[in-house]
Amino acid sequence: MALLQIAEPNMSAAPHQHRLAVGIDLGTTNSLVATVKSGAASCLADENGEMTLPSVVRYVGNENKIVGKKALSEQKLDPQNTISSAKRLIGRKLPEIDTAHMPYRFGKSEQIIELQTKNGLKTPIDVSADILRELRERAEQSLGGELVGAVITVPAYFDDAQRQATKDAARLAGLNVLRLLNEPTAAAIAYGLDNAAEGTFVVYDLGGGTFDVSVLQLSKGLFEVKATGGNSALGGDDFDHRLFCHIVENNQLSLTDERDVQLLFGLVRHAKEELSRQPEAHIVAELSSGKQINTLITRAEFHALTQHLVAKTIEPVKQALKDAGVAKSDIKGVIMVGGATRMLHVQQAVGAFFGQTPLNNLNPDQVVALGAAMQANVLAGNKNDGEWLLLDVTPLSLGLETYGGLAEKIIPRNSTLPTARAQEFTTFKDGQTAMTIHVVQGERELVADCRSLAKFTLRGIPPMVAGAARIRVTFQVDADGLLSVSAREQTTGVQAQVEVKPSYGLDDETITQMLRDSMSNAKDDAAARARAEAKVEAEGLISAIQAALTLDGDLLSADELNQINGLIARLIASLSAHTAEQIRALVQELSHATDDFAARRMDRNIQRALGGMRVEDL
Ligand code: AMP
């Protein structure tokens with residue numbers, strides 16, 4: 001896979017003019033903003049010296065709101081109006097979400113998630129915009145000027161709807177989005193540039209709400225993304241949730257007051273974090289009913305309770321290694337990202353899997369923001385042209401339907417973005433003036449097993465014999481993962497195109513399932529493809545012979561005609577029942593049986609062309 005060198009047009013700054021640009025890690029639990037000053041990236045603090053902004057907003061009525069630490073501390077008092085982990089909801093629909101432990105009052109719309117608050121209905125986009133606005137204001141105050149733009153990070157497996165929603169939130173917050181960047185990619189930028197590492201590395205990113213893994217090749221400051229994988233519904237919150245359930249079960253609680261739920265969630269999170277530093281933690285609380293809780297949790301107990309969650313992260317790691325075509329032993333280092341990688345059993349499991357101690361010499365909470373800031377600095381034109389940028393990859397192959405229901409892959413899975421590829425196609429029938437382009441996504445051979453993304457029709461193809469038209473179909477995926485497909489007939493220049501959202505509605509589990517299916521069905525798929533191809537060949541031959549018989553059937557004796565018609569009938573019958581080899585054998589037989597007929601037709605056509613003269617006379 002080639003690395004793309006990107007120099008953004010119109011972005012080179014005058015020599016002494018530094019454009020203010022920031023990187024923002026919009027996290028499930030916490031968010032950060034960073035910038036590059038005097039060549040070094042650092043996180044920006046608020047007026048109290050705090051860098052981490054809890055991703056929490058409390059809506060207090062009369063259009064007033066509180067964002068960050070204060071909102072988090074008041075969450076227990078006002079759980080319904082205090083929104084946290086909006087990243088789990090952004091770009092999703094209500095039926096896709098497990099609302100069981102969420103204290104919010106959801107609106108009725110099934111299309112977009114709405115939360116009823118004292119400031120009216122709020123979408124997760126509004127909540128994220130409030131967090132981003134706070135970070136923009138912090139940055140502008142701290143840097144003393146308006147920002148030209150921001151790079152905002154998202155989990156690698158965020159689908160198109162989630163990416164679009166994040167962009168919308170940024171626009172609402174008054175930010176110019178220079179680029180959305182995958183979180184592990186940003187971390188690699190931070191590590192690669194700081195440490196000038198070489199070799200194949202894995203980025204293991206366990207944050208509050210998401211898990212991402214990337215396999216990257218780094219050499220002399222150049223990066224190549226080999227593969228990505230992950231689980232967008234697994235993170236530190238799930239460890240909190242498991243510990244929460246344990247406390248509820250152990251104390252035989254039936255929690256009816258939402259404030260108690262919030263209180264306990266805060267306490268178990270704190271205990272979990274304590275256990276990364278100390279061998280035991282206490283959970284002490286008094287519930288609204290007056291019931292006292294005083295539970296001691298040991299690190300060993302906590303590890304036993306949550307070991308299955310740690311194990312769940314290893315499967316996507318294995319898949320990413322497989323996709324990248326590398327063995328565990330090829331991995332030179334494992335970069336740990338995300339606050340949840342501080343948990344000791346996570347570090348132990350990753351270390352045991354790779355047979356080496358993971359790298360965590362940069363602050364796992366900050367690396368993503370720092371890498372995003374470095375990328376923003378380049379995109380804003382503060383570095384020399386020709387800076388290498390590390391870009392994202394397509395999670396599944398993109399292609400189109402060809403005759404016979406086959407999927408032709410145009411952009412293979414794990415291609416680095418942005419990417420563009422073109423391929424020429426032709427018409428199948430004589431005089432065909434329109435062609436339907438069916439864009440599909442997936443690894444399977446048959447269109448029926450892939451995911452349909454869009455269909456559009458190219459009209460106005462000049463009538464020609466089958467196979468003569470040259471239709472160039474171009475697939476383009478931009479840096480944010482949005483696909484546009486265009487088709488152009490080369491002789492006339494007629495053109496049609498469509499914009500599609502390739503990953504819309506696909507979560508990582510669906511992607512994993514599609515990949516699994518493609519592997520387990522590879523043998524059947526290959527047979528189906530061979531059959532479909534043989535069928536296309538047979539149908540082409542039959543239709544050509546039938547057209548020739550209509551024109552020149554008189555060149556054949558009755559016996560010859562019978563023999564050919566008999567073979568055509570056998571071939572048609574075989575199409576629905578026989579294997580590729582059997583169909584191909586009959587195609588050969590029919591082709592052979594019509595050799596003589598073809599020669600006679602050629603003679604006749606030459607005679608016609610010569611207008612009655614004989615070849616020998618010329
Ligand atoms: P992030 O999304 O990267 O900010 O990660 C936040 C997650 O990391 C939350 O689930 C935190 O509870 C968790 N976290 C932060 N510090 C620690 C710690 N010392 N031990 C365990 N988990 C932590």
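When a ligand or atom number is given, it counts from 1 through the structure's own listing order.
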Tyr204 and Pro358, any side-chain heavy atoms less than 4.5 Å apart:
no
Output for ligand 1, non-hydrogen cut-off under 4.0 Å, lists Thr29, Asn30, Gly207, Gly208, Gly236, Asp237, Arg269, Lys272, Glu273, Ser276, Arg277, Gly338, Gly339, Ala340, Arg342, Met343
So do the side chains of Leu264 and Leu253 get within less than 4.5 Å of each other, counting heavy atoms only?
yes
Going by salt bridge (charged side-chain N to carboxylate O under 4.0 Å, His left out), name the pairs with one or both residues in residues 42-52, residues two or more places apart or in two chains.
Glu50-Lys69
Heavy-atom count check: over 12 atoms from other residues, nucleotides or ligands less than 6.0 Å from Gln252 CD?
no
Neighbour count >12 (heavy atoms, 6.0 Å) for atom CD, Gln141:
no
Relative to Phe353, does Lys328 satisfy both conditions: NZ or CZ under 6.0 angstrom from the six-membered ring centre, and within 45 degrees of the ring's axis?
yes
